[in-house]
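Below: one structure, written as structure tokens.
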Amino acid sequence: SGRLHMGHVRNYSLGDVVARFKRARGFNVLHPMGWDAFGLPAENAAMERGVDPRGWTYDNIARMRSELKELGLSIDWSREFATCDVEYYGKQQAWFLDLMKTGLVYRRESTVNWDPVDQTVLAIEQVVDGRGWRSGAVVEKRKLNQWFLRITDYADQLLDDLSTLDRWPDKVRLMQENWIGRSKGARFSFQFSGAAPAGHEAGLPVYTTRPDTLYGASFVGIAPDHPLAEQLASDPRVAAFIAECRKGGASEAEIETAEKIGFDTGLTVTHPFDPDWKLPVWIANFILMDYGTGAIFGCPAHDQRDLDFANKYKLPVKPVVLPPGEDPAAFTVSAEAYVGPGTIFNSQFLNGLEIEPAKLAAIERLESQGQGEGATVFRLRDWGVARQRGWGCPIPVVHCAKCGVVALPKSALPVKLPDDMDFSKPGNALARHPTWKDTTCPDCGGAATRETDTLDTFVDSSWYFARFTDTAADAPIDKAAADYWLPVDQYVGGIEHAVLHLLYARFVTKALADQGVLSVREPFAGLFTQGMVTHETYRRQNGEWIEPRSVEITADGNNRRGVLIETGEQIVIGDVEKMAKSKKNTVTPDEIFDVYGVDAARLFVLSDSPPERDTQWSASGVEGAWRFVNRVWNEFDSQPPGPAPAASADPKADELRAFTHRTIKGVTDAVESFRFNSGIARMYEFLNKLKEFPAEGATAPVLAARHEALSAFARLISPFTPHLAEEAWARIGGEGMVVSAPWPDFDPALTQDAVRILPVQVNGKRRGEISVAAGAEPADVEKIVLDDPEIARRLEGLTIRKVIVVKDRIVNIVAG
RNA sequence: GCGGGCGUGGCGGAACUGGUAGACGCACCGGACUUAAAAUCCGUAGGGCCGCAAGGCCCGUGCCGGUUCGACUCCGGCCGCCCGCACCA
């Protein structure tokens, strides 16, 4: 986009804390940065402003790079690349050709989701609520020759291997599980009872998860775009019905309210278990062509949709699953389908079986009749990867009149984009280039045309992490380097990629592993999904949005009011929402860096909320972080320069040392478990404590303890506020730079106070406290408690029944 | 409808495997410094009640109930909010 926003600041600050922390702990850390740079934003800019997308993209990269460098991220910039670099997308073409050889790439005519605004095909994952994920336009259905990657070949693995990703959020794993949507059941074919329509002599295949309810069948349904339905559309009444079905939109509200409608084709099929039983074949709007076989058998008693349909068209409703405790003679289904457990009845050979054994028995019978078999069906569809766009990675094939679709040899790579595409009007700039597509066929040498579709940008982002491990390799991936670094130990990103990027990258990793170019079968061992940066919204009385900087907020007790600075007009403080230009509730990183500095900005986005939750940006919040930065510096600045004085015994110094070591432990634990806000709170506490031990007038042991404290503190803050930490480290004479200093260790013995203050409860209510030596035995503690005059007063008139002592924690006296 | 998550002060949040609820920050209030303001520093602070005060008592983590010596934490049932998927046979 060309500009850093606060979301970037938070995302990369999180990653940078991990990178710096792990480096300090002695790990070899690879923390790279690159640019996902193909795609529509560049084309739109080109069209709107007449600029060259390449120049626009690289200008934006340059600006964002300098902003990122200002953020002070510990990134290895020598590995930087952009997906629109020929050096990158040429390598992508190379492995794409390898996948073509193994049959993972194919081309077929299919109904696709067409985004009329972006003028391109979208993958199913990229259609949200019937709209394009980027443009927001209602997608249309079109038939196109499309390139696909056979991700469904990996459906089982993609699902099963989720269980190995124990450092992924459950939520993301669940979303992928639902998306892949494995279901087990049976696939079988109904035979037509009369003459089969031409081409359907083998019968009508259906898929079901409930073969146990076959005796409850009352109709067979097919999707409006089922081949058989389209064949029957020569009858104008059928054609009219299909047109009627297409009218309904795909949006949530439309599906919710859509009535089930059907058309009786007049065809009948024979029940697989009873040659005398005929079932009518209906075309029904609620059946989806792209799931299962696009055809079902309807069992109204045990499926709500089938029941709604049957009730409307007066089809039979015969229950075949008897709920526990029901009378078989009396049990009926009318408005609500029964989907619970029970025993099969009204079902001949299946009678008396529970549901699961009945499914197996039904499948067995279908198999023995040669009519069908057990089958697993996925919701996951193959990945449509072709985009009719000019600013993308060209698909390295040509179309030859004689040889058909021909993959280019690797020697013909890279297939470079031309420098002079015309982006002034919508559509595919590559396809309308006057000469680029003219070439010769690598097989026959005759004239041929280059493929003008480019790859989905999600292909670009599905393997970049492997390229980072060796960005100069001749091969797309250097196996030794990839084996050394991969999988990515810690990935940080937004939840919006849960079933897009994160699924595609997993698939490509597995496919490339099967090619032998990678050893890992999962790209990301640890995944962290961070929350968004939000901000209050402000509006004028007339509803117009206003920017935070135009508003002054004042507080009167617990009430907050805002006025428009310019006019003094009272404004309306609205909801806290994701920062968005449309609501004018954005704050740009550069304006914050200018006023408060990078460290305060980093500190604040990490301190306010747990990283996985949304964080609310506020001017007063970042001011608090800025105050902390200044107070830290003052503390370092007040310490006499030079080495720590020799230590000798002083209880004051011991107290500070204990606090120092407790803080090291607290911050370390918090950073390790991604609780950065808690870690920062420990650092604030530490600074507050440090003020009780001023350098001025301090004894030599206290000065030494201060030196130890500051030395540790400089290293603790360094992942969060690296610039401040560097200055602080230099100020106290730290060796080298703090960025390369080892993480401080703590002495467990020092994290414990010698004296513990234990709360004393009577019947579970806090009634006092006592001081005992750490680790004091329960029996001794009990004696001290019972000897305590204050506690004794509390127990007056009560009989002690039991005294519970939890070592070093609490005492509870049960009395009555 | 299906699946998942979350409800703690005025606000963001803390409380590790049940053990002093409200750390830390923001806001608020009071004080010091200043001619004044800003900045800075110090301090009070969950709610209610009693007391001149020291102090004391009661209530309190969405609601109701349970387990336990002890529950923000575990169990059961409600209510509310948020997210994902959605006519998936």
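Order of the sequence lines fixes the chain letters, A, B, ..., with proteins taken first and strands second; residue numbering starts at 1 for each chain.
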Original post:
When the ring centroid of A:Y684 is compared with that of A:F686, is the distance short of 6.0 Å?
Top reply: no
Original post:
Which nucleotide sits closest to the side chain of A:I810: B:U20, B:C69, B:C85?
Top reply: B:U20
Original post:
With both distances kept under 3.5 Å, what pairs with B:C81, Watson-Crick or G-U wobble?
Top reply: B:G5
**OP:** Take atom CE of A:M532 and atom P of B:G12, then tell me their distance rounded to the nearest Å.
**Re:** 15 Å
Original post:
Between A:D170 and A:R173, is a salt bridge (Lys or Arg N to Asp or Glu O under 4.0 Å) present by the stated rule, with each step listed?
Top reply: CA-CA 5 Å; A:D170 291 343; A:R173 289 192 293 181; 2.7 Å; yes
Subject >> Interatomic distance, A:R809 CZ vs B:A15 P [rounded to whole Å] >> reply: 13 Å
Original post:
Does A:R801 make a side-chain N or O approach to OP1 or OP2 of B:C69 shorter than 4.0 Å?
Top reply: no
**OP:** Using the P atom on both, measure B:U61 against B:G46 and round to a whole Å.
**Re:** 16 Å
Original post:
Around A:R631, counting heavy atoms of other residues, nucleotides and ligands shown, do more than 12 lie under 6.0 Å from its CZ?
Top reply: yes
**OP:** Pick the P atom in B:G43 and in B:A23, then give their distance to the nearest Å.
**Re:** 15 Å
Original post:
What's the CZ-P distance between A:R756 and B:U20, to the nearest Å?
Top reply: 11 Å
Original post:
With side chains defined as the heavy atoms from C-beta onward, is the minimum distance between A:L158 and A:I151 less than 4.5 Å?
Top reply: yes
**OP:** Check the distance between B:C87's P and A:R305's CZ and give it to me in whole angstrom.
**Re:** 9 Å
Original post:
Quick one: is A:K691 getting a side-chain N or O under 4.0 Å of the B:C42 phosphate, OP1 or OP2?
Top reply: yes
Subject >> Enclosure of A:E336 CD (heavy-atom neighbours >12, cutoff 6.0 Å) >> reply: no
**OP:** Go ahead and name the base partner of B:A39; Watson-Crick or wobble counts if both distances stay under 3.5 Å, otherwise write none.
**Re:** none
Original post:
Do A:E577 and A:T534 have side-chain heavy atoms sitting under 4.5 Å apart?
Top reply: no
**OP:** Starting from P on B:G13, measure out to CZ on A:F676 and report it in whole angstrom.
**Re:** 17 Å
Original post:
Quick one: salt bridge (Lys or Arg N to Asp or Glu O under 4.0 Å) pairs with a partner in residues 602-620 of chain A, sequence neighbours left out?
Top reply: A:D16-A:R602
**OP:** Determine whether the aromatic ring centres of A:F263 and A:W282 lie less than 6.0 Å apart.
**Re:** no
Subject >> B:U68 - base-pair partner by Watson-Crick or wobble geometry, distances under 3.5 Å >> reply: none
Original post:
Is the glycosidic angle of B:G9 within 90° of 0, making it syn, or outside that range, making it anti?
Top reply: syn
Subject >> For B:U20, the Watson-Crick or wobble counterpart (both distances under 3.5 Å) >> reply: none
Original post:
Which is true for A:I287 with a 4.0 Å heavy-atom rule: it touches a base, it touches only sugar-phosphate, or it touches nothing?
Top reply: base
**OP:** Indicate whether OP1 or OP2 belonging to B:A86 is found under 4.0 Å from a side-chain N or O atom of A:R379.
**Re:** yes
Subject >> Whole-angstrom distance between B:G60 and B:G65, as gauged at atom P >> reply: 11 Å
Original post:
Which sits closer to the 5' end of RNA chain B, A:D170 or A:W626, going by the nucleotide each is nearest to?
Top reply: A:D170
Original post:
So does A:Y291 get a side-chain nitrogen or oxygen closer than 4.0 Å to the phosphate oxygens (OP1/OP2) of B:A89?
Top reply: yes
Original post:
Checking all strands, does A:I804 fall into the base, sugar-phosphate, or nothing category for heavy-atom contacts under 4.0 angstrom?
Top reply: base
**OP:** Quick one: label A:R767 by what it contacts on the DNA or RNA (base, sugar-phosphate, nothing), any heavy atom closer than 4.0 Å.
**Re:** sugar-phosphate
Subject >> Proximal nucleotide (of B:C87, B:C85, B:C58) relative to the A:K260 side chain >> reply: B:C87
Subject >> Any-strand Watson-Crick or G-U partner of B:U34, both distances under 3.5 Å >> reply: none
Original post:
If you measure from the P atom in B:G5 to the same atom in B:C75, how many Å do you get, rounded?
Top reply: 12 Å
Original post:
Roughly how many Å is it from CZ in A:F686 to P in B:A14, rounded to a whole number?
Top reply: 23 Å
Original post:
Would the A:W626 and A:F604 ring centres measure less than 6.0 Å apart?
Top reply: no
Original post:
When the distance from CZ of A:F286 to C1' of B:C87 is rounded to whole Å, what number comes out?
Top reply: 7 Å
Original post:
Which whole number of Å gives the distance between the C1' atom of B:G1 and that of B:G10?
Top reply: 39 Å
**OP:** Let me know the distance between CG of A:D614 and P of B:C6, rounded to the nearest Å.
**Re:** 15 Å
Original post:
Taking atom P in both B:U44 and B:G25, what distance in whole Å separates the two?
Top reply: 13 Å
**OP:** Determine the Euclidean distance between corresponding P atoms of B:G66 and B:A71; express it in Å to zero decimal places.
**Re:** 12 Å
Original post:
More 5' along RNA chain B: A:T209 or A:T615, using each one's nearest nucleotide?
Top reply: A:T615
Original post:
Are OP1 or OP2 of B:U68 and a side-chain N or O of A:K802 less than 4.0 angstrom apart?
Top reply: no
Original post:
Quantified in whole Å, what is the C1' atom distance between nucleotide B:C83 and nucleotide B:G47?
Top reply: 34 Å
Subject >> Protein proximity profile, nucleotides 21-31 of chain B - base contact B, sugar-phosphate-only contact S, no contact -, cut-off 4.0 Å on heavy atoms >> reply: --BSSSSS---
**OP:** Using a heavy-atom cut-off of under 4.0 Å over every strand shown, decide if A:V806 touches base, sugar-phosphate, or nothing.
**Re:** base
Do any side-chain atoms of residues 288-301 of chain A form donor-acceptor pairs under 3.5 angstrom with protein atoms, and if so which ones, sequence neighbours left out?
| from | atom 1 | to | atom 2 | distance (Å) |
| --- | --- | --- | --- | --- |
| A:Y291 | OH | A:S183 | OG | 3.2 |
| A:T293 | OG1 | A:P205 | O | 2.8 |
| A:T293 | OG1 | A:A295 | N | 3.3 |
| A:T293 | OG1 | A:A295 | O | 3.3 |

